[in-house]
Amino acid sequence: MSQSPRSTSRLAPHELWRGVHATAQSDAVGGALLLGATVVALLLANSPLSDLYTSVRDFTLGPHAIHLDLSIGEWAADGLLAIFFFVVGLELKEEFVAGKLRNPRQAALPIAAAFGGVAVPALIFTAIALASDSEGALRGWAIPTATDIAFAVAVLAVVGRFLPPALRVFLLTLAIVDDFIAITIIAVVYTEGLQLQWLLLALVPLVLFGLLTQRGVISWWLLVPLGVLTWALVHASGIHATVAGVLLGFTVPVVASQRARVQSSVDEDGTPVYDGIAAYLADQWGVFTTLVAVPVFAFFSAGVTVGGLEGFRAALQDPITIGIIAGLFIGKPVGITITTFLLSRLPAFQLDESLRWPDLIGVGFVAGVGFTVSLLVGELSYGAASVADEHVKIGVLLGSLISALVGGGLLAMRSRAAQRAGATAS
């Protein structure tokens with residue numbers, strides 16, 4: 001019996017959502033959207049439309065009474081990125097409770113590699129800033145410490161099809177811990193004029209959000225207002241509002257209990273399969289993060305006006321730009337590779353047998369793709385729309401691009417070699 005047009009139209013939105021959802025889960029798609037938003041922003045900022053781009057980015061809206069009269073660019077950095085960090089918080093808790101970070105011994109090497117990949121870039125940037133004696137440059141020491149999960153995993157997905165799965169696990173673990181360190185740095189280092197009363201008030205909706213999710217409540221009309229209120233109060237406290245996203249994510253239960261669970265699928269014999277609330281919310285909000293939040297942030301943050309060859313040359317002479325490029329391109333692979341090598345010599349640490357050192361060196365370079373969090377830390381360090389911030393963007397873009405090209409090239413060669421070895425063996 002053929003299906004009526006009316007019933008087909010009722011099914012269409014569901015089928016469309018399934019297609020969008022499947023597309024958003026692709027690592028390559030997330031990276032492509034980020035890259036596309038960045039390229040468009042750079043083209044607009046260096047074209048006759050640059051004034052229009054700047055006026056839209058700097059247009060202010062929001063209530064002044066509660067300190068939310070923000071520019072569009074600030075709404076993207078403080079608001080949309082809070083949703084990104086909410087998903088990061090959910091994924092971090094999942095990994096710590098039931099995932100790759102649950103077993104400390106198994107996760108020890110990539111965790112230690114993440115710390116090495118944060119410390120060495122920070123030291124390189126600090127050394128360059130101190131040697132230059134440039135006033136205020138040292139404030140940006142944390143810019144080259146971050147790894148962009150979306151971009152880094154996208155590079156590996158595109159070029160590393162025949163590399164061992166353990167390499168992706170290593171990169172994901174490293175990037176997740178790296179994000180955790182970056183969140184801590186933002187909360188501790190870049191908080192000025194803490195208003196404790198607002199922070200204490202933020203605990204009320206935060207606790208309510210946690211209690212509801214612990215009881216299995218997933219109604220958006222309850223959770224979203226509580227999340228927005230928590231975000232607004234944390235923003236008013238002086239702590240960067242993205243930290244609110246992580247805190248909200250940490251309150252959500254991971255393990256599917258009788259109360260806190262959501263049916264995700266049905267197995268072969270028709271038995272319902274349940275996930276914890278954290279997995280469900282990460283799955284739902286991850287789509288918005290991939291398709292909207294991070295690309296929009298990139299669009300409004302990456303649009304740097306280079307100022308022609310002279311402006312580009314001036315940026316490359318700035319110790320801030322040099323420190324960022326050196327930190328991302330040199331500091332990341334050196335810190336990650338040396339830390340992994342030294343600790344793998346110890347009996348307590350064990351490297352997966354399928355991994356080879358050229359693979360790890362390639363991943364070290366790929367981890368030098370800072371982008372999203374690096375741009376955010378740059379704005380917090382020097383202020384948006386300053387000359388230093390423009391040079392930060394050039395440094396982050398160049399350092400990330402070079403790291404992606406070199407790391408991607410190394411991993412592509414390793415992938416081709418693995419493919420040939422597999423073909424020969426078969």
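Throughout, residue positions are numbered sequentially from 1 according to the sequence presented. Given the structure is predicted, the values throughout are model-derived calculations rather than measurements.
- Donor-acceptor pairing under 3.5 Å is lacking for the side chains of K393 and S301.
- Proximity of L355 to P164: side-chain heavy atoms (C-beta onward) are separated by under 4.5 Å at one or more points.
- Atom CZ of F288 has more than 12 heavy atoms from other residues, nucleotides or ligands within 6.0 Å.
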- Hey, mind stepping through I185 and W141 against side-chain contact (heavy atoms from CB on, under 4.5 Å) and telling me if it holds? CA-CA 11 Å; I185 291 172; W141 64 268; 4.1 Å; yes
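- Checking side-chain atoms of S374 against main-chain N and O of I143 turns up a donor-acceptor pair under 3.5 Å.
- No side-chain donor-acceptor contact under 3.5 Å links S219 to the backbone of W221.
- One finds the OG atom of S55 at 10.0 Å from the CG atom of L49 (value rounded to the nearest 0.5 Å).
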- Message: Apply side-chain contact (heavy atoms from CB on, under 4.5 Å) to residues L68 and W231 and explain how you reach the verdict.
- Response: CA-CA 11 Å; L68 289 179; W231 172 85; 3.7 Å; yes
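- Between the side chain of T305 and the main chain of A45, a donor-acceptor pair closer than 3.5 Å is present.
- Nearest heavy-atom pair across P333 and L328 is CD-O, 3.7 Å.
- Between I336 and L174 there is a side-chain heavy-atom pair separated by less than 4.5 Å.
- When side chains are defined from C-beta on, V294 counts as touching L34, because their heavy atoms get closer than 4.5 Å.
- We find the CG-OG1 distance between L208 and T230 to be 8.5 Å, quoted to the nearest 0.5 Å.
- The CD1 atom of I325 sits 10.0 Å away from atom CG of L401, with the distance rounded to the nearest 0.5 Å.
- Within a 6.0 Å radius of OH in Y382, other residues, nucleotides and ligands contribute more than 12 heavy atoms.
- Contact detail for P205 and L233: the closest heavy-atom pair is CG-CD1, 4.1 Å.
- G335 and T339 make their closest contact through O-OG1, 2.6 Å (heavy atoms, listed as atom of the first residue, atom of the second, distance).
- Between R313 and D318 there is no salt bridge, since no side-chain nitrogen of the basic residue lies less than 4.0 Å from a carboxylate oxygen of the acidic one.
- At least one donor-acceptor pair closer than 3.5 Å links the side chain of S344 to the backbone N or O of F341.
- A perpendicular orientation is assigned to the rings of F86 and W285, their planes being inclined by more than 60° (bins at 30° and 60°).
- Formation of a donor-acceptor pair under 3.5 Å by the T251 side chain with backbone atoms of L248 is found in this model.
- Proximity of the aromatic rings of W75 and F300 is defined here by a centroid distance below 6.0 angstrom, and this criterion is not met.
- Between F85 and V243, every side-chain heavy-atom pair lies at or beyond the 4.5 Å cut-off.
- Annotation: side chain of V334 is not in contact with side chain of I124 (no heavy-atom distance under 4.5 Å).
- Annotation: side chain of T38 is not in contact with side chain of F299 (no heavy-atom distance under 4.5 Å).
- R139 has its side chain within reach of Y190: a pair of non-hydrogen atoms, C-beta onward, lies under 4.5 Å apart.
- Considering all non-hydrogen atoms of both residues, A388 and I320 come closest at CB-CD1, 4.0 Å.
- For the residue pair T372 / D148, a side-chain donor-acceptor distance below 3.5 Å is found, with atom types taken as modelled.
- A donor-acceptor contact shorter than 3.5 Å is absent between the side chain of S134 and the backbone of A129.
- Interatomic distance, I218 CD1 to Q284 CD, rounded to the nearest 0.5 Å: 8.0 Å.
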- Query: Could you walk me through whether K332 and T147 pass the side chain to side chain donor-acceptor pair (under 3.5 Å) check?
  - Reply: CA-CA 9 Å; K332 276 291 183 181; T147 295; 3.3 Å; yes
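- The backbone N or O of D389 sits less than 3.5 Å from a side-chain atom of S386, completing a donor-acceptor pair.
- V363 approaches F170 most closely through the heavy-atom pair CG1-CD2, 4.3 Å.
- Atom CZ of F59 has 12 or fewer neighbouring heavy atoms from other residues, nucleotides or ligands inside a 6.0 Å radius.
- One distance of note links OG1 of T173 with CZ of R168; it measures 10.0 Å at 0.5 Å rounding.
- Summarising the geometry, atom CG belonging to D58 is positioned 7.5 Å from atom OG1 belonging to T60; distances are rounded to the nearest 0.5 Å.
- Side-chain rings of F297 and F371 stay apart, their centers remaining 6.0 Å or farther from each other.
- E94 places no side-chain N or O within 3.5 Å of a backbone atom of E91 that could act as its donor or acceptor partner.
- A distance-only check finds a donor-acceptor pair linking the side chain of T184 to the backbone of F180 [under 3.5 Å].
- Of all non-hydrogen atoms in H240 and A77, the two that sit nearest each other are CE1-O, 3.9 Å.
- Between L70 and H235, some side-chain heavy-atom pair lies under the 4.5 Å cut-off.
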- Item | Criterion side-chain contact (heavy atoms from CB on, under 4.5 Å) on T145 and I181, from CA distance to verdict | CA-CA 9 Å; T145 62; I181 298 171; over 6 Å; no
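- A donor-acceptor pair is defined here as one N or O able to donate and one able to accept, closer than 3.5 Å; such a pair exists between the side chain of N46 and the backbone of L42.
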- side-chain contact (heavy atoms from CB on, under 4.5 Å) between V217 and L222, worked out: CA-CA 8 Å; V217 176; L222 286 173; 3.9 Å; yes
